[in-house]
Protein chains: 2
Amino acid sequence: MDEFELDERKTKILDAIIRNYLETGEPVGSRTISKYTDLNLSSATIRNEMADLEEQGYILQPHTSAGRIPSDKGYRFYVDHLMEEKNREVSEMKSFVIEHTEKMDQVLQQVAKILAANTNYATMVTAPTYHKNKVKFIQLSNMNEEQILATVVTEGNLVKNKIIPVNGEIDNETMLKLNFLLNANLNGLALQDINLGTIAKLKEQAGIHSAIISDVLDTVAETIGQEDDIRIYTSGATNFFKYPELSDSEKASELISTFEEKQQLASLVTENLLDEENTGIQVYIGNESPIQTMRDCSVVTATYELGEGVRGTIGIVGPKRMDYEKVMDNLKTLKNSLDGILDKKKEET
Amino acid sequence: MDEFELDERKTKILDAIIRNYLETGEPVGSRTISKYTDLNLSSATIRNEMADLEEQGYILQPHTSAGRIPSDKGYRFYVDHLMEEKNREVSEMKSFVIEHTEKMDQVLQQVAKILAANTNYATMVTAPTYHKNKVKFIQLSNMNEEQILATVVTEGNLVKNKIIPVNGEIDNETMLKLNFLLNANLNGLALQDINLGTIAKLKEQAGIHSAIISDVLDTVAETIGQEDDIRIYTSGATNFFKYPELSDSEKASELISTFEEKQQLASLVTENLLDEENTGIQVYIGNESPIQTMRDCSVVTATYELGEGVRGTIGIVGPKRMDYEKVMDNLKTLKNSLDGILDKKKEET
DNA sequence: TGTTAGCACTCCACAACAACGAGTGCTAAC
DNA sequence: GTTAGCACTCGTTGTTGTGGAGTGCTAACA
């Protein structure tokens, strides 16, 4: 439907208006378009067409006697139909950083930073989480007379530890038994599989050490219970200042706060992560975004998949007049660099 | 010396100027002081005294025919000699949060948040680190045929894990040997104690498994090697907007970036943490701060000590005209709430 | 000798005003 | 259907002037 609402000439004009506005951030007038395009039309003709486009809701006037700027609908049309999807080659720098940085959290922080430096927008990267997470391995070890160490590893290779206080050392044999008991009963289970029955059975078999079981189960719950503390790395929050339409201190302040309190950002992410089919790029224009403070922004996110089922999100937040082509290109590149990185690293060794 | 440079009357006037400026943020004139103080002096007299104070460098004039504002030297004098140290009772709320939040990282984030909400300045809290850190315990475990899990615990009870890929499962006996080998050679050692000799000896004894030793040593280095990734929690970075002298977008942008790239903040912290004697509160006024972007700010930090040797820092960054009394009061309260919390929690269990 | 009243002067903040120019809608001619 | 022309709108920018807060200095006073 939408596609046939605009004839070719209107489409070209709309395209020109948006591209021009993306560059300058200033309302664009009919004379500019008349010269900018290869349509060879006078400004008067363009004016007529622009009046139509405004009526149809693709562009709007900030005030009489100003040029036109794209509306949300206009941007949406641009993203869906006008924008070219370039496929430039992968930037050397990016891959380099990713392949040469050791720790995952540094990689992700770097990704956010590169993206922000490259695009001049605010960026966020969420640490990968493994959904439908299962216990892979549990290990209890005697640290000393008073403490034992519990380590839980999930199939996504997330690891958590807990130090559990005990009264008096537990002998090695008991320890082996406990380890066996835990692994035999819990391995391969997801959070929802561990029910009261399982717990009761475990405690019973643990006998006098059932208190330890409780602590271990706490750690298990923390480790495989997702969502509650997705790590989010951000960069370039101050880029909002670069765009006059976002830089008045109230708006900028709200936006930057949202970036500082990273929790809120998680809402941009969760739905994408759960949708198993989604491997592409999402664009939220203005009010399409779930976060209220971002109503004057556009948000573009990509989901990466480190390894089987281990997923995270890379995102960009900027003004509606963001350079969508560049942004999506960047996101794709980084997504590709991250995708399957676990497997790659494995091959190296 | 400094103390005797100012007679009682000048001191009172300086005090009045600063207090007034802290409240209003506007340059303060002679008439205001004449009424504000109980000195019963005319504005003309005050003017003469103010001229003297300016000559001595305690106050300055933004421009002719404006009132006076405190200089860095003035603030320093205020903090060192004029300020009253109140000791209000511990706010209920704060202790409540600390005692009822489970995970340490949430506690620290909460502390930052409370402090920011309470003071209207930007705040930071660093996670505790244990200095002169020593290896307490190392544990290798077989996860499956391809991977073993290395866990390193320090005396400060920091725990780190690493998954190490191997070719073919290692039998239990070998594993026990390796564990024994590692613990026998490394327990009780600090980073600087682990030299090439130790490493060579270890590798030799490990025989064909010496590759694993390298990986374990990497993990050890990461765990007890301090500084490199102190976790820093921040809150209220956008509070800078509340103070006109900091809120023009260039300054605010720099400051907020500094807060986003938390690494830089670490420099505020390291020296305090290493100084064993330091248990008090540090105040950096303007250029006294090691961070260049904060030359127009004051920084106040407090060092807390969770348990024997496990220390972190709470800090506040705001305009020079910050409410030093309130800030220091708040920091003390929080510091007290955090101090020795490990022992407290231990008693509970 | 220290304090104070008086006064001329400085300089910022703010409002009012004018000039400009980019852009529009409309009309009439091509 | 397209275009030139024109009157009109409205935000931006620069200028000007006024008011006020505050100063430094001088001279008188206790």
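Each chain gets a letter, A, B and so on, in the order its sequence line appears, and its residues count up from 1.
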Rounded to whole angstrom units, what separation is found between the CD1 atom of A:Ile17 and the P atom of C:dA22? 19 Å

Side-chain donor or acceptor of A:Thr45 paired with backbone N/O of A:Leu41 under 3.5 Å: no

How many Å lie between CG on A:Asp7 and P on D:dG1, as a whole number? 12 Å

A:Ile46 CD1 to D:dA4 P: how many Å, rounded? 12 Å

Could you go through A:Thr301 and A:Thr313, starting from their C-alpha distance and side-chain angles, then the distance that decides it, and tell me whether this counts as side chain to side chain donor-acceptor pair (under 3.5 Å)? CA-CA 7 Å; A:Thr301 64; A:Thr313 297; over 6 Å; no

Under the side chain to side chain donor-acceptor pair (under 3.5 Å) criterion, do B:Ser235 and B:Thr123 qualify, and how do the steps go? CA-CA 5 Å; B:Ser235 184; B:Thr123 63; 4.7 Å; no

Phosphate contact (D:dT3 OP1 or OP2) by A:Thr45 side-chain N/O below 4.0 Å: yes

Take a 6.0 Å sphere around CZ of B:Arg76 and say whether it holds more than 12 heavy atoms from other residues, nucleotides or ligands. yes

Expected string for nucleotides 8-30 of chain D under the B/S/- scheme (protein heavy atoms, under 4.0 Å, primed atoms plus P, OP1, OP2 as sugar-phosphate) is -BBS----------BBBB-----

Here the distance between atom C1' of D:dG1 and atom CD of A:Glu49, to the nearest Å, is 10 Å

With each end axis built from five pairs of C1' atoms, what bend angle do you get for the helix from C:dT1-D:dA30 to C:dC30-D:dG1? Round to 10°. 20°

Applying side-chain hydrogen bond (donor to acceptor under 3.5 Å, both in side chains) between B:Ser298 and each of B:Tyr324, B:Tyr75, B:Tyr284, report the one that passes. B:Tyr324

Please determine which of B:Phe259, B:Tyr243, B:Phe241 meets the ring pair (Phe, Tyr, Trp, His ring centres under 6.0 Å) test together with B:Tyr121. B:Tyr243

Do B:Thr234 and A:Glu260 pass the side chain to side chain donor-acceptor pair (under 3.5 Å) test, and can you show the C-alpha distance, the side-chain angles, and the key distance before you say yes or no? CA-CA 8 Å; B:Thr234 67; A:Glu260 197 181 16; 3.0 Å; yes

Taking A:Gln61 for its side chain and A:Ala66 for its backbone only, find out whether a donor-acceptor pair lies under 3.5 Å. yes

